[in-house]
Amino acid sequence: MARFILSLMELGVSATVHMLFGLYVFSTAVAADISQAAAASGCLLLRRPGAPPAAPGSAEGAALVDVAAAGESDERRGAAPVILDASPPPIVLVHGIFGFGKGRLGGLSYFAGAEKKDDRVLVPDLGSLTSIHDRARELFYYLKGGQVDYGEEHSKACGHNRFGRIYHTGHYPVWDEHNPVHFVGHSAGAQVVRVLHQMLADKAFPGHDTSEDWVLSLTSLSGALNGTTRTYYDGMLVEDCRSMKSICLLQLCRLGVIVYDWLDIPWLKNYYNFGFDHYEMSRRKVGFSGLINLLLGHTGPFASGDWILPDLTIQGSMKLNSTLRTFPNTFYFSYATKKTRKLFGITVPSSVLGVHPMLFLRVLQMCMWRHPQNAPLPYKGYRDEDWEDNDGALNTISMTHPRIPIEHPHRFVVDDSDCHPLQPGIWYYKIIEADHILFIVNRERAGAQFDLLYDGIFQRCRKHAFRKSPPTVPNETSQ
């Protein structure tokens with residue numbers, strides 16, 4: 001009984017902290033939009049009587065247009081999206097779980113403005129809770145253009161529509177092996193890119209002759225490459241890694257997402273979307289009886305397991321990794337983060353004030369993780385102590401390089417210069433002191449570290465990751 005009460009108290013604290021952080025992010029975005037709109041209104045009020053309206057090409061006119069479009073992406077407004085040409089290769093920043101791309105949450109940036117460090121950066125908006133597979137499909141069509149095709153077999157197995165959002169024009173329509181891209185994935189975003197990369201190699205997009213050489217480099221920032229023990233603390237069952245405990249944080253999340261999507265309030269979903277539109281959970285589609293079925297777990301993504309949390313368990317990641325390769329012509333670099341240290345042989349949080357309040361409890365819990373004795377070990381050679389170091393969301397061992405079920409080529413580096421010249425097909429990785437969200441949303445938390453990190457990533461993409469022998473141009477023949 002005492003253990004049950006303690007679990008309820010822990011759940012209450014976790015739910016409150018996460019809800020407060022979500023409200024903080026949402027209110028920050030709204031406040032920024034209101035401030036921008038107020039500034040634009042001030043421009044109008046300060047204009048002298050009888051003065052002509054702002055010219056469309058003027059700075060003031062541009063500001064007014066920006067404010068009017070705040071909170072809605074170009075695609076949703078029907079305007080032309082940002083389209084990049086062939087050279088140099090664009091850098092694509094891929095967000096993680098509960099993340100968002102350009103155009104969501106008003107002018108708020110998931111990557112805290114890092115995209116402004118280079119003129120050729122794209123920040124796609126993918127499903128924030130959809131499965132790794134579905135997000136990888138969405139990412140392809142975001143870049144190349146066309147209607148998102150989730151795949152016939154997958155769609156039937158999971159019970160959702162095969163086709164989704166339409167990109168009338170891709171953001172990088174010239175994308176191919178001669179015009180590859182750099183990917184930077186945070187958290188689950190790194191695994192999304194790896195799955196997409198394998199799909200490209202497997203030519204899994206009908207009508208497109210893809211190949212592994214479409215990806216020039218992949219940088220993993222706190223990447224979920226091998227799963228995380230946090231999924232079990234949040235409520236995933238170790239036994240099957242698909243079901244949830246009856247009372248847990250993820251159940252509260254499930255209920256909130258279902259109600260949010262069922263209500264289907266247009267302006268709110270334009271502001272933030274969990275990405276389950278292809279499941280058609282709207283009240284306009286399923287009615288009240290449909291809501292009951294969703295809540296009872298009879299239908300929807302949580303019933304089929306087609307959402308991101310099962311993919312982030314150790315077993316789920318191992319299943320994904322068994323199909324994913326490290327490719328010989330692609331450059332790989334990984335930043336693994338940790339907020340723990342050893343104290344008298346015991347792993348503990350490295351600091352109290354340095355960890356985000358939303359993550360501190362999880363850092364402490366993940367330090368003490370012990371795999372249930374009545375459950376089979378996730379892989380041969382598993383040891384609890386290997387998974388103790390963490391950043392509050394992911395275990396440090398998971399972020400360095402793909403290692404289960406098969407360890408991929410890798411090299412530990414202390415300084416970026418240690419790995420120059422870069423060799424493709426090898427996961428270079430370094431371990432840095434940071435929690436899981438230090439380098440996103442709020443750049444002030446990271447201070448100078450923020451610029452050092454992203455400047456290093458962008459410089460590597462531009463100056464060190466290139467192919468000495470590019471693929472042969474189709475109309476060229478060897479003599």
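- Note: Y335 and F333 have tilted aromatic rings, judged against thresholds of 30 and 60 degrees for the angle between ring planes.
- When the shell of 6.0 Å around CG of L20 is examined, it contains more than 12 heavy atoms from other residues, nucleotides or ligands.
- Side-chain contact check for D134 and H154: at least one donor-acceptor pair (N or O, by modelled atom type) lies under 3.5 Å.
- In this structure, T400 and W427 approach most closely via the heavy-atom pair O-CE3, 4.3 Å.
- The side-chain hydrogen bond (donor to acceptor under 3.5 Å, both in side chains) test applied to D384 returns Y382, not counting sequence neighbours.
- Under the 3.5 Å distance criterion, with hydrogens and angles disregarded, a donor-acceptor pair is assigned to the side chains of T229 and N395.
- Here the shortest heavy-atom pairing between G99 and S128 reads O-CB, 3.3 Å.
- With no hydrogens or angles considered, no side-chain donor-acceptor pair links E212 and N329 at under 3.5 Å.
- Side chains of Y279 and D261: a donor-acceptor N/O pair is absent below 3.5 angstrom, by distance only.
- The OG atom of S14 lies 10.5 Å from the CE atom of M358; values are rounded to the nearest 0.5 Å.
- Counted by atom type alone, T340 and D389 present one or more donor-acceptor pairs between their side chains at under 3.5 Å.
- Residues passing the side-chain hydrogen bond (donor to acceptor under 3.5 Å, both in side chains) test with Y150, sequence neighbours excluded: E138.
- Between K338 and E433, no side-chain nitrogen of the basic residue sits less than 4.0 Å from a carboxylate oxygen of the acidic one, so the salt-bridge criterion is not met.
- By the 4.5 Å heavy-atom criterion applied to side chains, Y332 and F327 are counted as neighbours.
- For the pair R135 (side chain) and G189 (backbone), a donor-acceptor distance under 3.5 Å is absent.
- Checked by atom type, the side-chain pair T313/T231 shows no donor-acceptor distance below 3.5 Å.
- Checked by atom type and distance alone, the side chain of R443 never pairs as donor or acceptor with a backbone atom of L438 at under 3.5 Å.
- Residue pairs that meet the ring-ring contact (aromatic ring centres under 6.0 Å, His included) test with at least one member in residues 106-131, sequence neighbours left out, are H95-Y110, F100-Y110, Y110-H186.
- To the nearest 0.5 Å, atom CD1 of residue I166 and atom CD of residue Q147 are 4.0 Å apart.
- Side chain of R104 to backbone of K269: a donor-acceptor contact under 3.5 angstrom is found.
- In this structure, a donor-acceptor pair under 3.5 Å is present between the side chains of S109 and E115.
- Applying the side chain to side chain donor-acceptor pair (under 3.5 Å) test to residues at least two apart or on different chains, the pairs with a partner in residues 244-258 are Q251-R254.
- The shortest side-chain heavy-atom distance between Q365 and C367 does not fall under the 4.5 Å cut-off.
- With respect to R362, the side-chain hydrogen bond (donor to acceptor under 3.5 Å, both in side chains) criterion is satisfied by exactly one of D234, T228, D435: D234.
- For the pair E239 and A375, the tightest heavy-atom approach, listed with the atom from each and the gap, is OE2-CB, 4.5 Å.
- Defined by atom type and a distance below 3.5 Å, a donor-acceptor pair is present between the side-chain atoms of T337 and D391.
- With ring centers used as reference points, Y233 lies under 6.0 Å from W369.
- Within the 4.5 Å cutoff, no side-chain heavy atoms of D149 are placed close to those of F205.
- With rounding to the nearest 0.5 Å, the separation of CG in N321 from CG in L225 is 7.5 Å.
- Remark: the backbone N or O of L200 is not paired with any side-chain donor or acceptor of D202 at under 3.5 angstrom.
- Within a 6.0 Å radius of CD in E153, other residues, nucleotides and ligands contribute 12 heavy atoms or fewer.
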Could you pull out every donor-acceptor pair under 3.5 Å between side chains of residues 214-221 and any protein atom, sequence neighbours left out?
unit_1	atom_1	unit_2	atom_2	d
S217	OG	H182	ND1	2.6
S220	OG	G223	N	3.4

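- Closest heavy-atom contact between P310 and G305: CG-O, 3.7 Å.
- Heavy-atom neighbours of K319 NZ from other residues, nucleotides or ligands within 6.0 Å: at or below the threshold of 12.
- Aromatic ring pairs are classed by plane angle as parallel below 30°, tilted from 30° to 60° and perpendicular above 60°; the pair H401 and H410 is parallel.
- Residues F276 and Y260 form no side-chain contact, since every pair of their non-hydrogen atoms from C-beta on lies 4.5 Å or further apart.
- Here the shortest heavy-atom pairing between G101 and D125 reads N-OD1, 2.9 Å.
- With sequence neighbours excluded, no residue satisfies side-chain hydrogen bond (donor to acceptor under 3.5 Å, both in side chains) with S155.
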* To do: Using the side chain to side chain donor-acceptor pair (under 3.5 Å) rule, take Q198 and T323 through it: C-alpha gap first, then chi angles, then the decisive distance, then the call.
  => CA-CA 8 Å; Q198 188 65 53; T323 66; over 6 Å; no
> Do D306 and S131 pass the side chain to side chain donor-acceptor pair (under 3.5 Å) test, and can you show the C-alpha distance, the side-chain angles, and the key distance before you say yes or no?
Replying inline: CA-CA 5 Å; D306 186 36; S131 65; 2.8 Å; yes
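- The number of heavy atoms from other shown groups lying within 6.0 Å of OH (Y24) does not exceed 12.
- Here CZ of F26 is found 5.5 Å from CG of L268. Values are rounded to the nearest 0.5 Å.
- Between atom CZ of residue R445 and atom CZ of residue F450 there is a gap of 12.5 Å, rounded to the nearest 0.5 Å.
- Classification of K285 and D264 as a salt-bridged pair fails, no side-chain N sitting under 4.0 Å from a carboxylate O.
- Note that CD1 of I457 is 9.5 Å distant from CG of D455, once rounded to the nearest 0.5 Å.
- The ring of F183 has its center no closer than 6.0 angstrom to the ring center of H197.
- No donor-acceptor pair under 3.5 Å is formed between the side chain of R403 and the backbone N or O of N226.
- K203 NZ: more than 12 foreign heavy atoms inside a 6.0 Å radius.
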